[in-house]
Amino acid sequence: MGKTLFDKIWDAHVAHQVEGGIDVLYIDRHFIHEVTSPQAFDGLRQRGIPVFRTERTVATADHNVPTRGQHLPIQEELSRFQVDKLTENCEAFGIRLYGLGHPYQGIVHVIGPELGLTQPGMTIVCGDSHTSTHGAFGCIAFGIGTSQVEQVFATQCLLQKKPKRMRITVDGQLQPGVLSKDIILYIISQLSASGGTGHFVEYAGSAIRSLSMEARMTICNMSIEMGARGGLIAPDEKAIEYVRGREFAPEGAAFEEAAAYWKTLYSDEDAHFDQEYFFRAEDIEPMVTYGTNPGMGMGISQSIPEPPATGNSNTFLKSLNYMGLKPGQKLEGQPVNYVFIGSCTNSRIEDLRIAAAFVKGKQKADNVNVMVVPGSKQVEKQAREEGLDQVFREAGFDFREPGCSACLGMNEDKVPNGEYCVSTSNRNFEGRQGPGARTILASPLMAAATAIAGKIVDVREVLDV
Amino acid sequence: MEKFQKLRSAAVPLPIEEVDTDQIIPARFLKATTREGFGDNLFRDWRYEPNGAPREGFILNNPIYGGQILVAGRNFGCGSSREHAAWALHDYGFRVVVSSFFADIFRGNALNNGLLPLQVPESFLQDIFSAIESDPKTEFLVDLEAQQFTILATSQSTGFDIDPYKKMCMLNGYDDIDFLLSLRDKIEAFEHSRDW
């Protein structure tokens, strides 16, 4: 029987097999950031051991950084301490760091692909669940805990049981105004926030293949939101051309040799998947979430469903109560005072271009605060070169410096208690964007349209086509 | 890592599904650079008012309930990979979390910290909630060696799955990292065998 894309990559990285079906999986690339690494470095100190393969780990500061005044010392003491600790640890252990102020600094899942550190066929881990983003290149990329960060430091390997394989095929053509963010929110709404647990997902089908690399990253990024360990897409010419010429990509003959191997990375026709799902691109509308997990999403024309007849309706009602919403309600027309365009899901140059193209020549509604936070210094620079910062500023949007920002309520960028925020990020959990904040996940286009209208709109009705 | 073999304890019921790691420990409390002290902020926003006063009605603030076992609804630990969630539960004093379904990364993180994620069938989970409802002090027995979980009052028992390797680690207090370090020769040999 043939092999899946996932099996081809996994099997090439098994350094050793332990009795009882556990693999010692070799890790090609390890990304670290300030929040989930300090205890792992301390573990090495306690054991008196070095980082085994320093060249395979790359660090950046993203979660805790302010998104303005980055040339100044970080105001918040604990954040400053954690970021300083990262610098200190990277120096002590010989790890390459793109810290604050460095032209390559940015959200870890934005800079990896941007620098060509992410390449097809690799195994990639990071102490961050959205590591699944890198799967867009045909990588096995997944989030790990801090104990595992220490394991990778110490041995460049992890003990892993091979997950099951799932394939999600989306065929057909997207409607105008529907983006890759809508595809993944739609899939999660169909499969639930736990529908992918225990699996690695391969995304396939004509609708997926038609997407740009950056749009594919948005899809793979949110694999974890249905519980999957990761998601991946077979590398094609688009993936190969995206990597070519980037800072850490192989060069010349070495690149051609690598690319020849990358072209062998696809699921064989007779490969077996433990689980398969099929969706039609035409069925997907612009999506919004109405609850407190990413599985609670719906098309913009739809109404919030009634509590489930079976299972725990209390959890469902608790969630709607937190959101201040009711079954049967529509979200179109819902007033919103905060809009966030950013995060590892939607902060790349294409996301900013999509938002800017819609916003150009328009003004934000008076009631709305809008933050646009580029994913990296390089994205920020590109946006400035293209004049996108100007477009945003003229519309009354706040164009910031790169970081995780208001995605996770950890740094200074937060949404106030009780306020709705239409956000291009990945999680609508209670308090995710700040205590009491009410997050509505959507695409960058829906977010931009909300900012202009001051309320949630069906972007299809306001697009110039 | 602490050894875990058997535990007899009352349990704290949290009959909510999809408890994500942002609820277990919100991101703004992840700024510490050590593993200790996260228990103080366990379930912070469910447990405390914004002014720091305990929220009435949250289960951890109710002195009737106690013990080293937390019993929660399905898909416990979804969301962020933060190991701080496992540290916070352990630091607070929990040694076992019982649910009908666990998110993958949380399960792994718990096992790496001597916190047993114990998965039971949904109907059994409801029986546990009922047992606690009729007597908040009712005790349970977790026997890792035998892979059995028992409601002592009714003698209802269920088996549970655990990876044999992780079971051995928990019973003996071993870390993955010790084991991986012992394989360094094999890892180096693998590196040499690769052509890229």
Side-chain angles (χ1 to χ4, degrees), chain A residues 15-16 18 20 22 24 26 35-36 38-39 42-43 47 49 52 63-64 78-79 81-82 85 127-129 143-148 150-151 154-159 161 163 193-194 197-198 224 227 229 258 261 292-293 295 311-312 314-315 318 408-410 417 427 429-432 435-436, chain B residues 1 15-23 26-35 44-46 50 73-75 78-87 101-106 108-110 112-113 122 163-166 168 175-177 179-181 183-184 186-187 189-191 193-194 196:
Chain A
H16 181 65
V18 184
I22 291 192
V24 176
Y26 193 83
V35 181
T36 56
Q39 295 87 350
D42 279 350
R47 288 171 202 270
I49 53 174
F52 181 54
H63 283 62
N64 243 325
L78 287 172
S79 300
F81 183 75
Q82 205 171 49
K85 194 87 190 164
D128 191 290
S129 58
I144 57 176
T146 298
S147 295
Q148 293 171 307
E150 187 181 337
Q151 290 161 28
T155 66
Q156 206 56 41
C157 287
L158 286 172
L159 291 170
K161 201 167 187 159
S194 58
T197 307
I224 182 71
R229 288 305 306 274
Y261 166 64
T292 56
N293 73 61
N312 196 334
N314 284 344
T315 300
K318 178 180 185 293
L408 85 166
M410 173 158 202
N417 187 23
R427 288 189 172 134
F429 297 151
E430 281 186 35
R432 173 76 179 183
Chain B
M1 197 172 82
I16 299 172
E17 297 179 349
E18 319 274 355
V19 175
D20 60 77
T21 54
D22 273 80
Q23 307 317 313
R28 63 189 190 279
F29 299 109
L30 305 185
K31 298 183 195 232
T33 54
T34 64
R35 291 175 188 240
R44 175 76 199 201
D45 294 334
W46 287 353
R74 71 183 302 286
N75 204 19
C78 57
S80 155
S81 60
R82 60 189 69 166
E83 194 162 317
H84 310 66
W87 299 338
F101 196 87
F102 288 95
D104 286 334
I105 304 181
F106 175 80
N109 287 341
N112 282 337
N113 287 278
E122 185 63 41
D163 185 89
Y165 165 77
K166 291 314 289 186
M168 182 274 291
D175 291 341
D176 280 358
I177 197 161
F179 182 64
L180 277 171
L181 284 168
L183 297 175
R184 281 273 285 263
K186 293 197 163 61
I187 295 168
F190 173 77
E191 285 180 322
S193 74
R194 297 176 88 198
W196 60 287

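Everything numeric here is computed off the predicted structure, so don't read it as measured data. In what follows, every chain begins at residue 1, and chains take the letters A, B, ... in the order their sequences are listed.
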Q: To the nearest 0.5 Å, tell me how far T36(A) OG1 sits from H84(B) NE2.
A: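 Taking OG1 in T36(A) and NE2 in H84(B), the distance rounds to 7.0 Å.
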
Q: Name the region of N109(B), side chain, backbone, both or neither, that has any atom closer than 4.5 Å to a heavy atom of chain A.
A: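 Only the side chain of N109(B) comes within 4.5 Å of chain A.
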
Q: Sort out for me which of G227(A), C157(A), A258(A) touches chain B most, counting heavy-atom pairs under 4.5 Å.
A: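 Most heavy-atom pairs under 4.5 Å with chain B: C157(A).
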
Q: How long is the gap from CG on L159(A) to CD1 on I177(B), to the nearest 0.5 Å?
A: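 Those atoms lie 10.0 Å apart.
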
Q: Is there side-chain contact between D175(B) and R47(A), with heavy atoms separated by less than 4.5 Å?
A: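 Counting from C-beta outward, D175(B) and R47(A) do come under 4.5 Å.
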
Q: I'd like to check the side-chain hydrogen bond (donor to acceptor under 3.5 Å, both in side chains) partners of R82(B); sequence neighbours left out, ordered by chain and number.
A: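 Testing R82(B) for side-chain hydrogen bond (donor to acceptor under 3.5 Å, both in side chains), a comparison that skips the adjacent residues, returns D22(B), S80(B).
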
Q: Do you know the tightest heavy-atom contact between E83(B) and T146(A)?
A: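 Reported closest heavy-atom pair: OE1-N, 2.7 Å.
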
Q: I need the S147(A) OG to M1(B) CE distance, nearest 0.5 Å.
A: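 Separation between the atoms: 9.0 Å.
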
Q: Side chain, backbone, both or neither: which part of A32(B) has an atom under 4.5 Å from a heavy atom of chain A?
A: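 Backbone of A32(B) only, per the 4.5 Å heavy-atom cut-off to chain A.
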
Q: I want to check something: taking the side chain as every heavy atom from C-beta on, are N314(A) and E17(B) in contact at a cut-off of under 4.5 Å?
A: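 The answer is no; the side chains never approach within 4.5 Å.
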
Q: What part of N75(B) gets within 4.5 angstrom of chain A, counting heavy atoms only: side chain, backbone, both, or neither?
A: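 For N75(B), the contact with chain A is made by the side chain alone.
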
Q: Please classify the contact between I224(A) and chain B as side chain, backbone, both or neither, with a heavy-atom cut-off of under 4.5 Å.
A: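 For I224(A), the contact with chain B is made by the side chain alone.
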
Q: Decide yes or no for R229(A) and I105(B): does some side-chain heavy atom of the first lie under 4.5 Å from some side-chain heavy atom of the second?
A: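 With C-beta onward as the side chain, the pair touches.
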
Q: Quick check: closest heavy atoms across S81(B) and S129(A), and the distance to 0.1 Å?
A: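 Result for this residue pair: OG-N, 3.2 Å.
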
Q: If I measure from the heavy atoms of chain A, does P50(B) come under 4.5 Å with its side chain, its backbone, both, or neither?
A: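 No part of it gets close to chain A.
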
Q: For P38(A) versus T33(B), what's the shortest heavy-atom pair and its separation?
A: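 Minimum heavy-atom contact is CB-CB, 3.7 Å.
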
Q: Write down the atom of L180(B), the atom of L158(A), and the distance for their closest heavy-atom approach.
A: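 Result for this residue pair: CD1-CA, 4.3 Å.
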
Q: Can you name the side-chain hydrogen bond (donor to acceptor under 3.5 Å, both in side chains) partners of Q151(A), sequence neighbours left out?
A: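 Testing Q151(A) for side-chain hydrogen bond (donor to acceptor under 3.5 Å, both in side chains), a comparison that skips the adjacent residues, returns none.
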
Q: So what's closer than 4.5 Å to chain A heavy atoms on R74(B): side chain, backbone, both or neither?
A: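 For R74(B), the contact with chain A is made by the side chain alone.
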
Q: Decide yes or no on side chain to side chain contact (heavy atoms under 4.5 Å, CB included) for E191(B) and Y26(A), but give the supporting numbers first.
A: CA-CA 9 Å; E191(B) 285 180 322; Y26(A) 193 83; 2.3 Å; yes

Q: Quick one: closest heavy-atom pair of A154(A) and R184(B), and the distance?
A: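 Closest approach of A154(A) to R184(B), heavy atoms only: O-NH1, 3.0 Å.
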
Q: At what distance, to the nearest 0.5 angstrom, does CG of D20(B) lie from OG1 of T292(A)?
A: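 These two atoms lie 7.5 Å from each other.
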
Q: What is the distance from atom CZ of F81(A) to atom NZ of K31(B), rounded to the nearest 0.5 Å?
A: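 F81(A) atom CZ to K31(B) atom NZ measures 13.0 Å (nearest 0.5 Å).
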
Q: From I22(A) CD1 over to K166(B) NZ, what is the distance, rounded to the nearest 0.5 angstrom?
A: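 Output value for this atom pair is 7.5 Å.
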
Q: What option among G79(B), P15(B), A103(B), A86(B) has the most heavy-atom pairs under 4.5 Å with chain A?
A: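 Ranked by contacts with chain A, first place is G79(B).
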
Q: Which atoms of F101(B) come close to chain A, meaning under 4.5 Å heavy atom to heavy atom: side chain ones, backbone ones, both, or neither?
A: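 Just its side chain gets close to chain A.
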
Q: Got T155(A) and L181(B) here, is their nearest side-chain heavy-atom distance under 4.5 Å?
A: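 A side-chain contact exists here, since the closest heavy-atom pair is under 4.5 Å.
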
Q: Please walk me through it: do I16(B) and K318(A) pass side chain to side chain contact (heavy atoms under 4.5 Å, CB included)?
A: CA-CA 9 Å; I16(B) 299 172; K318(A) 178 180 185 293; 3.7 Å; yes

Q: Between chain B and each of G143(A), G43(A), S194(A), count heavy-atom pairs under 4.5 Å; write down the option with the most.
A: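 Option with the greatest count: S194(A).
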
Q: Measure distances from I144(A) to the heavy atoms of chain B and classify the residue's part below 4.5 Å as side chain, backbone, both or neither.
A: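 The backbone, not the side chain.
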
Q: With only heavy atoms counted, which part of V24(A) is less than 4.5 Å from chain B, the side chain, the backbone, both or neither?
A: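 Interface part for V24(A): side chain.
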
Q: Looking only at side chains, do E430(A) and W46(B) share a donor and an acceptor under 3.5 Å apart?
A: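 Checked: E430(A)/W46(B) side chains pair up, N/O donor to acceptor below 3.5 Å.
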
Q: Find out whether R427(A) and C78(B) are in side-chain contact, i.e. whether some heavy atom of one side chain is under 4.5 Å from a heavy atom of the other.
A: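 The answer is no; the side chains never approach within 4.5 Å.
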
Q: Considering only heavy atoms, which portion of F179(B) lies under 4.5 Å from any heavy atom of chain A: side chain, backbone, both, or neither?
A: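 Only the side chain of F179(B) comes within 4.5 Å of chain A.
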
Q: Taking the side chain as everything from C-beta on, heavy atoms only, tell me whether R44(B) gets closer than 4.5 Å to P435(A).
A: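 R44(B) vs P435(A): side chains apart.
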
